[in-house]
Amino acid sequence: MPEGHTLHRLAAQINTVFAGHPWRVSSPQGRFSAGAERLDGQVPQHAEAWGKHLFVHLGPAVWQVHLGLYGAFSFRGDADFAAEATIGAPRAAAVTFEPTYDDDGWLIPEPPKGAVRARVSARHGWADLRGPTTCAVLDPTEYQAVIDRLGPDPLRQVMPGQGESGPQLPAQTDAELRATFLHNLSRRRISIAAALMDQAVIAGVGNIYRAESLFLERLDPYTPSNQLDPERAAALWDRLTEQLRDGVDEGRIRTVRTRGPRRHWVYKHQGTPCQRCGAVIEAAELVGRRLYWCPGCQRD
DNA sequence: CATCGATGTTTAA
DNA sequence: TAAACCTCGATGC
């Protein structure tokens, strides 16, 4: 699930169902008990995503979640909640039992199943967080330190002269973010494939978007980042922006835009013919992750 | 029922 | 470079 698109959907979902009202927070599993106590009864004011990080602001405190490889939120609630949560973050569902409510009129949730790191509850429903790599309460200094290490996120751009990209952050346009991306690439000698996985270069790209964007741009994944033609690097940024936006819209990564079951051009298609040139798609290990590409059409 | 692998990152060596 | 983190669906026997 979790490349950047997932976190932006989650932020939107949390804003829809939780923001502006006091919530209840607990840690059924126990590993987030102290943090849950600090958040319990507070008002979540605004959720935002930056790359693969989710931040929920509650006054000066910030709840930070990073899903890592297999973390996930699940949303459940009564019919009102399910109707409201139509964005459909990963694993949204209406409860199947007949809902009952406590003395304050809050839905009584199901007992947690498995290892639930954090449970956040609203009046009509709740969300369970499992398996995150990070779940922490930050003060403003710590929050700043996290975002200082993140490169531009294509999903955080604003129209020129418009809006806000975060509570205390300067809003940047597409052109400004793209320029930062090009600058970051120009300062690294690692391959473009390695650079796309570096969240300080561009935030929100993971292994699937890496493979699929390089394929569509016909880029050799082993080209050194600082030798990439600036125009092709700009086109790569634009391609990733388009792909991430599609991911937000659809709730899943589908880079093959034609109808049919096939979702990816090269990701996990090693050993089969390229749909564009017929060469056999390859896979190789690169800095600890599997890289997929077509040696036929991804060449300089 | 056991094992493996995954859309990720940090830390240690 | 490897291990650790810690969850779950897919696969194999």
Side-chain angles (χ1 to χ4, degrees), chain A residues 1-11 27-33 35 49-55 64-76 88-91 93 112-119 127-136 138 142 145-151 153-155 190-191 193-216 221 239-240 243-256 261-271 281 283-293:
Chain A
M1 289 301 191
E3 294 194 29
H5 67 299
T6 301
L7 282 299
H8 282 266
R9 285 173 67 86
L10 271 172
S27 178
Q29 171 209 52
R31 289 190 50 191
F32 185 56
S33 297
W50 188 325
K52 299 169 192 168
H53 295 258
L54 171 70
F55 302 106
Q64 177 203 14
V65 174
H66 193 298
L67 296 177
L69 198 50
Y70 40 67
F73 273 92
S74 59
F75 292 77
R76 291 171 73 67
R91 307 185 197 185
K113 272 187 292 190
V116 176
R117 182 78 58 87
R119 167 170 284 183
D128 285 342
L129 170 63
R130 302 157 192 278
T133 197
T134 303
C135 173
L138 308 182
E142 294 169 319
V146 172
I147 62 177
D148 282 349
R149 284 186 273 109
L150 293 172
D153 177 346
L155 294 175
I190 56 175
S191 65
L196 287 183
M197 297 294 276
D198 182 344
Q199 301 298 298
V201 170
I202 178 171
V205 175
N207 207 19
I208 300 179
Y209 284 126
R210 161 174 81 171
E212 299 291 295
S213 63
L214 290 174
F215 172 81
L216 284 172
R239 179 72 72 179
L240 281 163
Q243 291 180 329
L244 282 158
R245 282 180 181 162
D246 286 344
V248 172
D249 289 346
E250 294 190 38
R252 67 198 323 195
I253 302 175
R254 186 171 67 88
T255 50
V256 175
R262 185 167 177 133
R263 301 226 297 270
H264 312 308
W265 294 102
V266 292
Y267 177 75
K268 282 197 171 169
H269 285 293
Q270 74 275 24
I281 293 165
E285 205 77 9
L286 181 69
V287 283
R289 307 300 300 279
R290 214 126 150 91
L291 170 70
Y292 304 86
W293 82 104

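Here is the naming used below: chain letters follow the sequence lines, and residue numbers restart at 1 for every chain. What you see is a predicted model; the values in this text were computed from it and never measured.
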Practice problem: Rounded off to whole Å, could you give me the CG-to-C1' distance for the Leu291(A) and dT7(B) pair? | Solution: 15 Å
Quiz item: Of the nucleotides dT7(B), dT7(C), dA6(B), which has the atom closest to the Lys268(A) side chain?
Solution: dA6(B)
Quiz item: Using atom C1' of each nucleotide, how far apart are dT1(C) and dT7(B) to the nearest Å?
Solution: 22 Å
Quiz item: Picking from dA6(B), dT7(B), dC5(C), which would you name as closest to the side chain of Thr133(A)?
Solution: dC5(C)
Exercise. Return the nearest nucleotide to the side chain of Glu3(A); candidates are dC8(C), dT9(B), dG8(B).
Key: dG8(B)
Quiz item: What's the CG-C1' distance between Leu155(A) and dT7(B), to the nearest Å?
Solution: 15 Å
Quiz item: Taking NE2 from His5(A) and C1' from dG8(B), how many angstroms apart are they, rounded to a whole number?
Solution: 14 Å
Quiz prompt | Rounded P spacing from dC8(C) to dT10(B) in Å | solution = 23 Å
Exercise. Let me know the distance between CG of Asp128(A) and P of dC8(C), rounded to the nearest Å.
Key: 11 Å
Quiz item: Contact class for Glu212(A) (heavy atom, under 4.0 Å): base, sugar-phosphate, or nothing?
Solution: nothing
Exercise. Take Asp246(A) and His5(A) through the test side-chain hydrogen bond (donor to acceptor under 3.5 Å, both in side chains) and record every step on the way to the result.
Key: CA-CA 8 Å; Asp246(A) 286 344; His5(A) 67 299; over 6 Å; no
Quiz item: Relative to each other, are the rings of Tyr267(A) and His264(A) parallel, tilted or perpendicular (30° and 60° limits)?
Solution: perpendicular
Practice problem: For Arg117(A), answer base if it contacts any base atom (sugar-phosphate contacts may also be present), sugar-phosphate if it contacts only those atoms, and nothing otherwise; contact means non-hydrogen atoms under 4.0 Å. | Solution: sugar-phosphate
Self-check item: Rounded distance (Å) that lies between atom P of dT7(B) and atom CZ of Arg290(A)
Solution: 9 Å
Quiz item: With sugar-phosphate meaning primed atoms plus P, OP1 and OP2, does Tyr209(A) contact a base, only sugar-phosphate, or nothing at under 4.0 Å between heavy atoms?
Solution: nothing
Quiz item: To the side chain of Lys52(A), which of dG8(B), dA6(B), dT10(B) is closest?
Solution: dG8(B)
Quiz item: If you look at every strand shown and take non-hydrogen atoms under 4.0 Å, does Arg149(A) touch a base, only sugar-phosphate, or nothing?
Solution: sugar-phosphate
Practice problem: Respond yes when some side-chain nitrogen or oxygen of Arg289(A) is under 4.0 Å from OP1 or OP2 of dT7(B), and no when none is. | Solution: yes
Exercise. Tell me the partner of dA10(C), counting only Watson-Crick (N1-N3 plus N6-O4 or O6-N4) or G-U wobble (N1-O2 and O6-N3) with both under 3.5 Å; none if nothing fits.
Key: dT3(B)
Exercise. Whole angstrom is fine here: how far is it from NE2 in His66(A) over to C1' in dC5(C)?
Key: 13 Å
